[in-house]
Amino acid sequence: EVQLQASGGGLVQAGGSLRLACSASGASFDDYAIGWFRQAPGKEREGVFCISFKDGRTYVAESVKGRFTISRDDAKKMAYLQMNALRPEDTAVYYCAVEPWHRVVITPAFVRAGDFGSWGRGTLVTVSS
């Protein structure tokens with residue numbers, strides 16, 4: 001059974017940085033695609049940064065390109081979302097999710113939250129202006 005937990009959210013001023021962490025038990029990032037999604041109040045959940053390390057397929061939301069990056073630490077079974085130059089519009093609950101890499105559609109322009117079957121509890125990021 002895959003269990004995920006996202007952490008690292010908090011309150012930060014515009015222009016600041018945060019690093020979100022996703023701990024994953026029961027899943028290897030070699031075999032699973034990982035997705036970071038976010039949901040702002042009153043809005044639908046949207047993909048932020050999703051990657052299949054197996055074959056390199058990557059989706060990065062246009063709004064975060066050049067500001068957010070993803071990394072992993074296999075020894076700790078952790079994945080990270082480094083968020084720099086944060087903006088008030090980045091305020092949202094952030095979720096990490098995983099799914100076997102061959103079961104998700106990830107293109108540079110498209111990712112679907114519904115493809116990911118395992119989700120962690122979200123972590124709130126609030127960016128003040």
Side-chain angles (χ1 to χ4, degrees):
E1 180 185 1
V2 176
Q3 292 187 330
L4 305 173
Q5 179 64 55
S7 61
L11 174 64
V12 63
Q13 287 188 332
S17 298
L18 280 175
R19 189 178 75 159
L20 304 185
C22 179
S23 65
S25 63
S28 164
F29 295 128
D30 280 339
D31 300 322
Y32 282 73
I34 181 167
W36 285 97
F37 295 82
R38 68 186 181 186
Q39 188 165 17
K43 294 188 176 181
E44 292 187 357
R45 190 169 297 189
E46 64 173 353
V48 176
F49 204 127
C50 304
I51 187 168
S52 166
F53 289 107
K54 186 76 170 183
D55 57 8
R57 290 174 293 143
T58 306
Y59 169 86
V60 184
E62 193 66 34
S63 61
V64 309
K65 283 182 179 177
R67 301 189 296 124
F68 291 13
T69 58
I70 197 169
S71 62
R72 62 191 262 196
D73 183 331
D74 292 336
K76 296 181 179 180
K77 288 190 175 290
M78 299 286 287
Y80 303 97
L81 182 69
Q82 178 67 44
M83 307 187 296
N84 299 325
L86 283 162
R87 304 167 181 169
E89 53 264 39
D90 294 318
T91 295
V93 177
Y94 284 70
Y95 301 87
C96 62
V98 298
E99 182 67 16
W101 66 275
H102 59 282
R103 295 183 187 172
V104 297
V105 175
I106 298 175
T107 77
F110 178 83
V111 70
R112 183 169 46 214
D115 283 357
F116 289 80
S118 298
W119 290 78
R121 295 175 63 180
T123 184
L124 177 62
V125 172
T126 303
V127 184
S128 63
S129 57

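Between Ala6 and Trp36 the shortest heavy-atom distance is CB-CZ3, 4.2 Å. What you find for Asn84 and Ser17 is that their closest heavy atoms are OD1-OG, 2.9 Å. Between Val48 and Leu81, the closest heavy-atom pair is CG1-CD2, 4.4 Å. Val60 and Lys65 get closest at one heavy-atom pair: O-CE, 3.3 Å.
One distance of note links CZ of Phe110 with SG of Cys50; it measures 10.5 Å at 0.5 Å rounding. Rounded to the nearest 0.5 Å, atoms OG (Ser23) and CG (Leu4) are 7.0 Å apart. Here the OH atom belonging to Tyr94 is positioned 15.0 Å from the OG atom belonging to Ser7, to the nearest 0.5 angstrom. For the atom pair Arg45 CZ and Arg112 CZ, the distance stands at 15.5 Å (nearest 0.5 Å). Expressed to the nearest 0.5 Å, how far CD of Gln39 lies from CD of Glu44 amounts to 8.5 Å.
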* When you look at Ser25 and Lys77, which way does the side chain to side chain contact (heavy atoms under 4.5 Å, CB included) test go after all the steps? -> CA-CA 7 Å; Ser25 63; Lys77 288 190 175 290; 5.6 Å; no
* Applying side chain to side chain contact (heavy atoms under 4.5 Å, CB included), run through Glu99 and Ile106 and close with a yes or a no. => CA-CA 11 Å; Glu99 182 67 16; Ile106 298 175; over 6 Å; no
* **Working for side chain to side chain contact (heavy atoms under 4.5 Å, CB included), residues Ile34 and Tyr32** => CA-CA 6 Å; Ile34 181 167; Tyr32 282 73; over 6 Å; no
* **Evaluation steps, side chain to side chain contact (heavy atoms under 4.5 Å, CB included), between Val98 and Phe29** => CA-CA 9 Å; Val98 298; Phe29 295 128; 4.2 Å; yes
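Within the 3.5 Å criterion, the main-chain N or O of Ala85 finds a donor-acceptor partner in the side chain of Arg67. Within the 3.5 Å criterion, the main-chain N or O of Ala33 finds no donor-acceptor partner in the side chain of Arg57.
Hydrophobic clustering (ILVMFWY, side-chain heavy atoms < 4.5 Å, transitive): Ile70 and Val104 are in distinct clusters. Both Phe49 and Leu20 are assigned to one and the same hydrophobic cluster, defined by single-linkage of ILVMFWY side chains at heavy-atom distances under 4.5 Å. There is no path of hydrophobic side-chain contacts, each under 4.5 Å, that joins Met83 to Phe37.
The closest side-chain heavy-atom distance from Val64 to Arg38 is below 4.5 Å.
Summarising the local packing, NZ of Lys43 is surrounded by 12 or fewer heavy atoms from other residues, nucleotides or ligands at distances under 6.0 Å.
Taking the ring axis of Tyr80 as reference, the NZ or CZ atom of Arg19 stays within 45° of it and closer than 6.0 Å to the ring centre.
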Validation: residues 116-129 side-chain donor-acceptor distances under 3.5 Å, sequence neighbours left out:
residue: Trp119; atom: NE1; partner: Phe116; partner atom: O; Å: 2.8
residue: Thr123; atom: OG1; partner: Gly9; partner atom: N; Å: 3.0

